[in-house]
Protein chains: 2
Amino acid sequence: MTQAMNKIEQDDRPLDNGLRQFMGYTLKRAYLTLRADMILSIEPLGLRTRTFSALSVVAENPDITQTQLACALNIERSGVVVLVDELQRAGLITRNKVPGDRRSYALRATTKGMATWKDAEARVLAHERQMLAGLTTEEQENLKVLLRRIGAGA
Amino acid sequence: MTQAMNKIEQDDRPLDNGLRQFMGYTLKRAYLTLRADMILSIEPLGLRTRTFSALSVVAENPDITQTQLACALNIERSGVVVLVDELQRAGLITRNKVPGDRRSYALRATTKGMATWKDAEARVLAHERQMLAGLTTEEQENLKVLLRRIGAGA
DNA sequence: TATTGTTATACTCTATAACTATA
DNA sequence: TATAGTTATAGAGTATAACAATA
């Protein structure tokens with residue numbers, strides 16, 4: 001109360017005023033906002049962001065290996081093991097023998113896995129539609145294009 | 001090798017093709033790219049993203065309390081304790097007595113803290129300039145505006 | 001020797017709950 | 001009683017290193 005409180009209240013600038021100038025901070029806020037919503041949209045399917053992403057890649061790339069999946073998801077192979085374990089336990093994907101190489105697995109989404117992926121895809125798209133309702137379709141596309149150009153060099 | 005590999009190589013679509021349609025995925029990729037670079041830019045100052053943000057808020061809001069800082073950073077009060085401990089140990093901020101309320105602290109950046117904040121601010125701005133070099137100034141501003149409108153409703 | 005998948009381990013970030021000292 | 005700060009603990013998420021089986 002008193003001193004500190006009064007000082008803050010008299011101040012018309014937000015507390016994070018110094019941070020708002022940064023693209024990184026703005027990006028993080030938007031990311032966390034969208035992420036919190038996305039988690040709720042796929043929770044009913046027993047999926048989390050990581051398993052959602054992994055299921056998507058396996059569903060769209062039949063017979064992908066765990067190492068390739070790790071590469072696609074930008075995570076370590078050790079992390080993929082846990083994800084694949086979880087998806088397999090849920091009956092959404094299978095680890096299949098590869099004829100030519102007995103070291104690796106060919107991952108495939110099961111029928112249930114494909115259905116779950118399509119359901120999850122629709123749910124996330126619906127929630128993004130809601131979260132991005134304040135932007136026109138053109139603005140949404142423009143936003144995606146601009147985001148993809150970050151770090152891409154001049 | 002063989003089957004899976006061939007299938008992937010023949011495919012002209014990226015492995016994460018199914019994910020690229022989502023704003024959340026696009027946002028996350030951009031965020032992580034920028035974040036990785038940002039971490040390197042403030043590492044020489046002994047700062048990490050969390051302490052950078054906390055130092056910024058304290059520097060710009062003298063006599064702020066820990067609870068207010070938690071609110072500004074969107075984290076719990078328990079998390080603030082660790083951040084303030086770290087910044088205090090580094091001699092960048094101080095915990096000061098509040099005359100009217102013996103429960104709370106009035107946080108202030110030290111002279112060294114203010115200098116460090118200004119230095120960090122300049123470094124991050126320089127690195128963002130580099131990471132966003134592919135975008136015009138108008139595009140960068142437009143990007144920030146669009147990001148701030150996410151989740152803001154129709 | 002190199003690679004695939006695996007396990008064990010640890011670190012970061014964050015949250016929850018219970019505690020203390022004040023109010 | 002409610003609030004500020006604190007502590008302990010736990011949970012994601014991710015990374016590193018060492019290992020066995022296979023190439």
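Model, not experiment: these values are computed from the prediction. The sequence lines fix the lettering, A, B, ..., with proteins before strands; numbering per chain opens at 1.
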Engineer: To the side chain of B:Asp101, which of C:dA15, C:dA23, C:dT6 is closest?
Structural biologist: C:dA23
Engineer: Identify which nucleotide among C:dT22, D:dG5, C:dG5 has an atom closest to any side-chain atom of B:Arg103, counting heavy atoms from C-beta outward.
Structural biologist: C:dT22
Engineer: A:Leu83 has an atom CG; how far is it from atom C1' of D:dT14, in whole Å?
Structural biologist: 11 Å
Engineer: Are B:Val81 and B:Leu92 connected in the hydrophobic side-chain network, where two residues link if heavy atoms are under 4.5 Å apart?
Structural biologist: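 No, because B:Val81 and B:Leu92 fall into different hydrophobic clusters, even though each may have its own neighbours under 4.5 Å.
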Engineer: A:Asp85 has an atom CG; how far is it from atom P of C:dT7, in whole Å?
Structural biologist: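 After rounding, the reported distance stands at 7 Å.
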Engineer: Please confirm whether any donor atom in the side chain of A:Ser78 sits under 3.5 Å from an acceptor in the base of D:dT14, or the reverse.
Structural biologist: no
Engineer: Among the nucleotides C:dT7, C:dG5, C:dC13, which one has an atom lying closest to any side-chain atom of B:Thr49?
Structural biologist: C:dC13
Engineer: Does A:Ser104 place a side-chain N or O at less than 4.0 Å from the phosphate oxygens OP1/OP2 of C:dT3?
Structural biologist: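 Result: no.
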Engineer: Contact class for A:Arg77 vs. all strands (heavy atom < 4.0 Å): base, sugar-phosphate, or nothing?
Structural biologist: base
Engineer: In this structure, how many angstroms lie between the C1' atom of D:dT3 and the OH atom of B:Tyr105, rounded?
Structural biologist: 15 Å
Engineer: State, yes or no, whether a side-chain contact exists between A:Tyr31 and B:Ile150 at a heavy-atom distance under 4.5 Å.
Structural biologist: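 A side-chain contact is absent here, since even the closest heavy-atom pair is not under 4.5 Å.
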Engineer: Distance check needed: D:dT3 C1' versus B:Gln66 CD, whole Å only.
Structural biologist: 13 Å
Engineer: Give a yes-or-no answer on whether the side chains of A:Arg77 and A:Gln66 include a donor-acceptor pair shorter than 3.5 Å.
Structural biologist: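 Note: A:Arg77 and A:Gln66 side chains miss the donor-acceptor criterion.
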Engineer: Starting at atom CD of B:Glu76, determine the distance to atom C1' of D:dT3, rounded to an integer number of angstrom.
Structural biologist: 14 Å
Engineer: Given atom CD of A:Glu86 and atom P of D:dT14, what is their separation to the nearest angstrom?
Structural biologist: 12 Å
Engineer: For A:Arg48 and D:dG13, is the shortest distance between a side-chain N/O and OP1 or OP2 below 4.0 Å?
Structural biologist: yes
Engineer: If you measure only the distance, is there a donor-acceptor pair under 3.5 Å linking the side chains of B:Glu121 and A:Gln21?
Structural biologist: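 B:Glu121 vs A:Gln21: donor-acceptor pair found between side chains.
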Engineer: To the nearest Å, how far apart are A:Ile75 CD1 and C:dC11 P?
Structural biologist: 21 Å
Engineer: Identify whether any heavy atom of A:Lys28 sits under 4.0 Å from a base atom; if not, whether one sits that close to sugar-phosphate; answer base, sugar-phosphate or nothing.
Structural biologist: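 Sugar-phosphate: the residue A:Lys28, judged by heavy atoms under 4.0 Å, touches backbone atoms but no base.
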Engineer: Please give, in whole Å, the distance from C:dG5 C1' to A:Asn96 CG?
Structural biologist: 15 Å
